[in-house]
Amino acid sequence: MNLHFENPGFLYSLDSILLFQTEDDSPFWSDPILYFYPQIDGSELQKRDAYGKKEYLSNILLEVYSGLEPELNRKINLYNDHFAKYRRQIEAALSDAFGFNTETVFNDLTGNITLNPVGPRFLEEHIFDVFYKNSERGALGISIHEMIHYVWFFVWNKHFGDGYNEYERPSMKWILSEMVVESIMKDERLSSINPYFPRENGGCVYPYFQDMAIDNVPILDTIDCLYRKNNITDFMEAAYRCCLQNETAIRAHIEAAEKSF
């Protein structure tokens with residue numbers, strides 16, 4: 001696995017932000033930009049249609065980007081050099097987790113350094129976004145999270161033979177993929193180089209998984225127990241059955257958490 005960071009430019013950053021400014025997006029996804037860019041008027045943004053939102057954000061964020069562009073460009077080498085130090089260590093950990101040599105896959109991953117505090121990933125394009133405020137250590141932690149997703153769905157797709165269009169939110173397959181990251185990240189070769197691990201440092205999964213419980217048992221503990229007891233594909237099957245059996249409760253918890261962000 002190999003990863004190259006780059007600055008894709010302002011228009012990419014703008015489009016990335018707009019992905020989370022639709023009518024269907026909860027505050028959990030849409031509101032982080034209001035925190036990081038207080039010059040954005042949330043009520044003004046919300047009342048506009050898609051074209052108006054793009055125009056409004058472009059007028060504000062182009063100036064922001066112009067001031068930050070040297071920093072984004074400086075971080076390209078910083079992030080790339082830091083990843084290169086740990087590439088083989090990450091590959092070894094993921095190879096053990098997924099049961100095959102991960103050096104042979106995803107040698108064309110691109111990490112786009114953007115203004116978007118919500119970092120989307122695009123599985124089939126081998127692209128994901130990293131918020132520019134991350135240090136090189138933070139960018140590596142985010143990248144390990146995303147690399148786990150790429151390998152997870154690579155193995156999942158081969159095992160289940162389903163479609164990549166089924167792997168995005170709000171599908172249960174997406175939800176499970178976000179839950180399992182913590183168990184895989186517990187490998188000391190990964191956790192030791194991720195500043196967002198453990199939970200006390202912010203965590204490597206969405207916060208609403210960290211306090212989610214089913215029948216008074218934390219869902220991440222249940223997932224972790226299944227991970228420790230099974231090979232990777234048996235784990236996928238068992239964890240997915242668990243999620244489907246408890247789908248109503250899982251979705252209700254997520255919905256409440258995202259609304260109260």
Side-chain angles (χ1 to χ4, degrees), residues 3-42 44-46 48-80 83 106 108-136 138-150 153 164-165 167-171 174 177-178 181 196 202 204-207 258 261:
L3 169 63
H4 176 75
F5 291 96
E6 61 183 44
N7 172 13
F10 172 70
L11 290 179
Y12 181 97
S13 276
L14 179 62
D15 287 341
S16 178
I17 289 170
L18 286 166
L19 290 174
F20 302 96
Q21 298 302 317
T22 73
E23 292 182 356
D24 296 330
D25 285 307
S26 67
F28 181 86
W29 301 101
S30 63
D31 285 6
I33 62 165
L34 306 180
Y35 174 82
F36 289 102
Y37 307 107
Q39 58 270 60
I40 297 173
D41 184 331
E44 176 65 27
L45 179 63
Q46 190 174 25
R48 292 173 175 248
D49 62 14
Y51 178 83
K53 287 177 180 178
K54 185 169 187 175
E55 181 182 47
Y56 177 68
L57 290 176
S58 180
N59 289 337
I60 293 174
L61 294 178
L62 180 58
E63 182 178 356
V64 174
Y65 176 84
S66 296
L68 291 172
E69 188 173 16
E71 181 178 355
L72 271 66
N73 290 335
R74 179 181 63 83
K75 287 191 169 183
I76 294 172
N77 289 336
L78 191 66
Y79 289 5
N80 282 327
F83 170 77
F106 300 113
D108 60 347
L109 292 174
T110 298
N112 284 325
I113 307 169
T114 78
L115 302 185
N116 189 359
V118 182
R121 53 110 176 95
F122 308 95
L123 289 171
E124 293 186 279
E125 293 82 0
H126 298 180
I127 294 170
F128 62 89
D129 292 2
V130 177
F131 190 33
Y132 82 93
K133 280 186 173 289
N134 278 285
S135 67
E136 67 273 25
L140 185 64
I142 296 295
S143 298
I144 296 170
H145 176 114
E146 299 302 341
M147 293 170 85
I148 288 172
H149 283 316
Y150 282 99
F153 282 119
Y164 268 71
N165 62 323
Y167 303 158
E168 302 301 338
R169 66 181 178 105
S171 77
W174 174 84
S177 77
E178 294 295 344
V181 168
Y196 300 123
C204 60
V205 297
Y206 293 124
E258 288 190 352
F261 173 77

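Just the heavy atoms: all of them, side chains too, but no hydrogens, waters or symmetry mates, feed the values below.
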- Close side-chain approach of Val205 and Glu178, heavy atoms under 4.5 Å: no
- Heavy-atom side-chain contact between Asp15 and Lys54 under 4.5 Å: yes
- Would Asp129 and Tyr12 count as having a side-chain donor-acceptor pair, cut-off 3.5 Å? yes
- Query: Do Asn80 and His4 have side chains that get closer than 4.5 Å, going by heavy atoms?
  - Reply: yes
- Query: Which distance, rounded to the nearest 0.5 Å, do you find between the CG of Asn112 and the OG of Ser16?
  - Reply: 8.5 Å
- Under a 4.5 Å cut-off applied to non-hydrogen side-chain atoms, are Leu3 and Glu146 in contact? no
- Look up atom CD1 in Ile127 and atom CG in Asp108, then write down how far apart they are to the nearest 0.5 Å. 9.0 Å
- Task: Could you tell me whether the side chain of Ser177 and the main chain of Trp174 form a donor-acceptor pair under 3.5 Å?
- Result: yes
- Message: So Ser143 and Phe5, do their side chains get closer than 4.5 Å, heavy atoms only?
- Response: yes
- Item | Pair Arg169 + Asp24, salt bridge at N-O below 4.0 Å | no
- Message: Below 30° counts as parallel, above 60° as perpendicular, anything between as tilted: where do the rings of Tyr65 and Phe10 land?
- Response: tilted
- What do you reckon, is CD of Glu63 surrounded by more than 12 foreign heavy atoms closer than 6.0 Å? no
- Task: Would you name the heavy atoms of Asn7 and Ile76 that are closest together and state the gap between them?
- Result: N-CD1, 3.6 Å
- Message: I'd like to know if the side chain of Tyr79 and the backbone of Asn134 have a donor-acceptor N/O pair within less than 3.5 Å.
- Response: yes
- Task: Rounded to the nearest 0.5 Å, what's the gap from CD1 on Ile60 to CD on Glu55? Could you check?
- Result: 11.0 Å
- Task: Might you point out which heavy atoms bring Tyr150 and Leu123 nearest each other, and give the distance in Å?
- Result: CE2-O, 3.4 Å
- Query: If every non-hydrogen atom of Leu18 is compared with every non-hydrogen atom of Leu57, which pair is closest and at what distance?
  - Reply: CD2-CD1, 3.8 Å
- Single hit among Glu168, His149, His145 for side chain to side chain donor-acceptor pair (under 3.5 Å) with Arg121: Glu168
- Looking only at heavy atoms, what is the nearest atom pair of Gly42 and Leu34, with distance? CA-CD2, 3.8 Å
- Message: Could you report the tightest heavy-atom contact between Val181 and Cys204, atom names first, then the distance?
- Response: CG1-O, 3.7 Å
- Query: Would you call Leu61 and Ile33 a side-chain contact if the rule is heavy atoms closer than 4.5 Å?
  - Reply: no
- Query: Do other residues, nucleotides or ligands put more than 12 heavy atoms under 6.0 Å from Glu125 CD?
  - Reply: yes
- Query: What class does the angle between the rings of Phe153 and Tyr167 fall in, given that below 30° is parallel, 30 to 60° is tilted and above 60° is perpendicular?
  - Reply: parallel
- Message: Given 3.5 Å as the limit, does a donor-acceptor pair link the side chain of Lys53 with the main chain of Gln21, or not?
- Response: yes
- Looking at side-chain heavy atoms only, is the closest gap between Phe131 and Ile142 below 4.5 Å? no
- Is it true that a side-chain atom of Asp49 and a backbone atom of Tyr51 form a donor plus acceptor pair closer than 3.5 Å? yes
- List in chain and number order the residues that pass side chain to side chain contact (heavy atoms under 4.5 Å, CB included) with Arg74, two or more places apart in sequence or in another chain; answer none if no residue qualifies. Glu71, Leu78
- Message: Can you tell me how far apart CD (Gln46) and CG (Asp31) are? Round to the nearest 0.5 Å.
- Response: 8.0 Å
- Task: Give a yes or no answer on whether the side chain of Tyr56 reaches the backbone of Asp41 with a donor-acceptor pair at less than 3.5 Å.
- Result: yes
- Query: So, for Pro32 and Pro27, which heavy atoms are closest and what is the spacing to 0.1 Å?
  - Reply: CD-O, 3.7 Å
- Is the backbone of Gly119 close enough, under 3.5 Å, to the side chain of Asn116 for a donor and an acceptor to pair up by distance? no
- Message: Is any side-chain heavy atom of Leu19 closer than 4.5 Å to one of Trp29?
- Response: no
- With rounding to the nearest 0.5 Å, note down the distance linking CD1 in Ile17 to CG in Leu45. 10.0 Å
